[in-house]
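As structure tokens, the structure follows; a few thoughts come after it.
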Number of protein chains: 2
Amino acid sequence: MLSKQMISMDAREILAQYLQNYVDLNEDESNQFVSCFEEIKVKKRQFIVQPNFIAHHVHFIVKGAFRSYVVTDEGNDHTTSFAIENWWITDYNSFIYQQPATSFVIALEDSVILRVHYENQKELKQANHKFETFFRIIAERGLAFFQRRITNNITLSAERRYDQFMSKYSHIAQRLPQYALASFLGMTPEFLSKIRNNKVQKKS
Amino acid sequence: MLSKQMISMDAREILAQYLQNYVDLNEDESNQFVSCFEEIKVKKRQFIVQPNFIAHHVHFIVKGAFRSYVVTDEGNDHTTSFAIENWWITDYNSFIYQQPATSFVIALEDSVILRVHYENQKELKQANHKFETFFRIIAERGLAFFQRRITNNITLSAERRYDQFMSKYSHIAQRLPQYALASFLGMTPEFLSKIRNNKVQKKS
DNA sequence: TGTTTAAATTATTATATGTCAATATTGACA
DNA sequence: TGTCAATATTGACATATAATAATTTAAACA
């Protein structure tokens, strides 16, 4: 079996491969697309989006994990989303309208991302119908994802929100600090701790 | 001043005009776009999307108001979104993936909509880069809207969610039954009633 | 226009979840 | 490898919001 080193791909190759899931590009097109992205290494706990600054980029995660969260006036933090490999993350409200962000996006691990600037993305969208299609698909899927998330949050109890998350995303839960998961699910870390403890009790 | 009758526009003209806010189309293009839409009159309390049926259409509201909601196993209903004139509504998760819906979309008033079938929308997107751009923009805006909505729901208390909604959408609130607003804001109708009553007390 | 049905209000009681504070555990990095 | 900071756990207590039920008000429609 090949070692990880030997089969490791260049970041842009990974993005190019990901692209092929959605649109059929020839080599030139693929190169044109990925060359608009800038590769960045991000250290754990480093921010890539901050409140009051405009989010100039959308970030594609090649390796690592991020979380995006808001902080209320009372100082409580609330996770709005997560992202791991092959996901996109930014403050969409800030990015789309190019207005100051309200949320943080922070690295949960040492990570590698490919980011595209607002203006460059705009040019890509204009340059080629297929690129436009790609970004349309990503936006539509994000929309459907968020609609499901809202439904879950309004509909389910804290414990069932936890169960639902674990059944779908337990692999992500493993990479998250528990307070981040708690605030994503809309509960306190203490309460999440109790939910987990209850489950252990029941099993034995 | 002209009477309402005299200045009333054909439904497709309204859509065409709306389109011009987002993309620059010539007359042929505009006609091609709107001719893919079907005009439907919908009576109050009539459904345009139902659970277990695939949402085949996206609906553009020419006149009227709709609400989309889910019903839990316990029989509680939860509003996931509203829409009035010049908004779009469907079960996006169902429409995008063409899988059975989980939510209802129901008319709150006698309404007029323009709907486009999944296959027709697909053809439109392929036919013209500008049409693709248009749907991309709509999806992106929906995404940003839902991200704000999630943030509000996780972050704010029931009363502050109400305040925030009223400050932005009081014109919509007037057209909604109160139980629908309550379930949109994630609280019981009884509790919303109390919040409103408290405010009246305070003022006097 | 009256009669039926749906929606909103109000009060009482119940509960899920939050808050606070103290302790234990884990991870970072010097 | 030890020390300090970050995270997780636990229990006692507090509270925002839900549930239930009964009454009033408003809307539907025949």
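Numbered from 1 within each chain, the chains take letters A, B, ... in sequence-line order. Remember, predicted model here, so these are calculated numbers, not experimental data.
Taking the six-membered ring where the residue is Trp, F60(B) and Y18(B) present tilted rings, their angle falling between 30° and 60°. Aromatic ring pairs are classed by plane angle as parallel below 30°, tilted from 30° to 60° and perpendicular above 60°; the pair F104(A) and F47(A) is tilted.
If you check dA12(D) for Watson-Crick or wobble pairing at under 3.5 angstrom, you find it paired to dT19(C).
A salt bridge links E38(B) with R115(B): the closest approach of a Lys/Arg side-chain nitrogen to an acidic carboxylate oxygen falls below 4.0 angstrom. Using a 4.0 Å cut-off between charged nitrogen and carboxylate oxygen, R136(B) and E140(B) count as a salt-bridge pair.
Taking atom CE of M187(A) as the reference point, atom P of dT17(D) lies 16 Å away to the nearest angstrom. Atom pair R161(B):CZ and dA16(D):P shows a separation of 13 Å (rounding to whole Å applied). If you take NZ of K194(A) and P of dC13(D), they are 13 Å apart, rounded to a whole angstrom. In this entry the distance linking CZ of F191(A) with C1' of dA12(D) reads 15 Å, nearest Å.
Nucleotides of DNA chain C lying under 4.0 Å from heavy atoms of chain A occupy a range whose first and last members, 5' to 3', are dT17(C) to dA28(C).
P177(B) comes within 4.0 angstrom of sugar-phosphate atoms only, judged by non-hydrogen atoms across all strands, and of no base. At a threshold of 4.0 angstrom between heavy atoms, the contacts of Y179(A) are confined to the sugar-phosphate backbone, with no base atom among them.
Taking the ring centroids of Y169(A) and F82(A), they lie at or beyond the 6.0 Å cut-off.
Within 6.0 Å of NZ on K63(B) lie no more than 12 heavy atoms contributed by other residues, nucleotides or ligands.
Along DNA chain D, the nucleotide nearest to R45(A) and the one nearest to G186(B) differ in position, and the one closer to the 5' end is contacted by R45(A). Summary of the strand contacts: E190(A) and A180(B) both lie near DNA chain C, and taking for each the nucleotide with the nearest heavy atom, the more 5' one is attributed to A180(B).
F191(A) places none of its side-chain heavy atoms less than 4.5 Å from the side chain of Y162(A). The shortest distance between side-chain heavy atoms of R149(B) and N152(B) does not fall below 4.5 Å.
For the OP1/OP2 pair of dA28(D) and a distance below 4.0 Å, the side-chain nitrogens and oxygens of K44(B) include at least one atom meeting the criterion.
Checked by atom type and distance alone, the side chain of T79(B) never pairs as donor or acceptor with a backbone atom of S183(B) at under 3.5 Å.
A heavy atom lying under 4.0 Å from DNA chain C marks none of the residues of residues 103-112 of chain A.
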